[in-house]
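Take a look at the structure below.
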Amino acid sequence: MAIETEIYADGVYQIHMLEQTIRLDLMRLQPSPENNGKPVPKPFERIILNPQGFLRTYEAMTQIVRKLEELGYIRRNPDNKPPEA
């Protein structure tokens, strides 16, 4: 299968559930004159998944996180606190 379209996103802006679908709103960081030119998240695209598709996506992302940990790119925060800026 050939992938015909690629979408770049800086992250997920919001995840919410509506009826029986999970919606992931993607975002890009864009400079903002109102924020002294500092980047702010701007939602631009939505992915809508059924619960089974969301769980498959979650499992695939979990495997990537484990691989990143093995390679030393990331490490778990034992206190489960968000990292300080």
To the nearest 0.5 Å, tell me how far Arg23 CZ sits from Phe54 CZ. 13.5 Å

Please determine if Arg76 and Glu69 form a salt bridge, counting it only when a charged side-chain N lies under 4.0 Å from a carboxylate O. yes

Evaluate the side-chain proximity of Lys42 to Arg28: yes if any heavy-atom separation is below 4.5 Å, no if none is. no

Distance (rounded to the nearest 0.5 Å) between Asp25 CG and Ile47 CD1: 9.5 Å

Under 4.5 Å between side-chain heavy atoms, counting indirect links through other Ile/Leu/Val/Met/Phe/Trp/Tyr residues: same cluster for Met27 and Leu24 or not? no

Got more than 12 heavy atoms from elsewhere within 6.0 Å of CD, Gln63? yes

Going by atom type alone, with no hydrogens or angles, which donor-acceptor pairs under 3.5 Å involve a side-chain atom of residues 1-15 and a protein atom two or more places apart or on another chain?
{"unit_1": "Tyr8", "atom_1": "OH", "unit_2": "Asp10", "atom_2": "OD1", "d": "2.5"}
{"unit_1": "Asp10", "atom_1": "OD2", "unit_2": "Leu29", "atom_2": "N", "d": "2.7"}
{"unit_1": "Gln14", "atom_1": "NE2", "unit_2": "His16", "atom_2": "ND1", "d": "3.2"}

Counting only heavy atoms not in Met17, do more than 12 sit closer than 6.0 Å to its CE atom? yes

Linking I/L/V/M/F/W/Y whenever any side-chain heavy atoms sit under 4.5 Å apart, do Ile74 and Ile64 land together? yes

Would you say the side chain of Thr21 lies within less than 4.5 Å of the side chain of Asn50, judging by non-hydrogen atoms? no

Does any part of the side chain of Ile48, heavy atoms only, come nearer than 4.5 Å to the side chain of Arg46, both counted from C-beta? yes

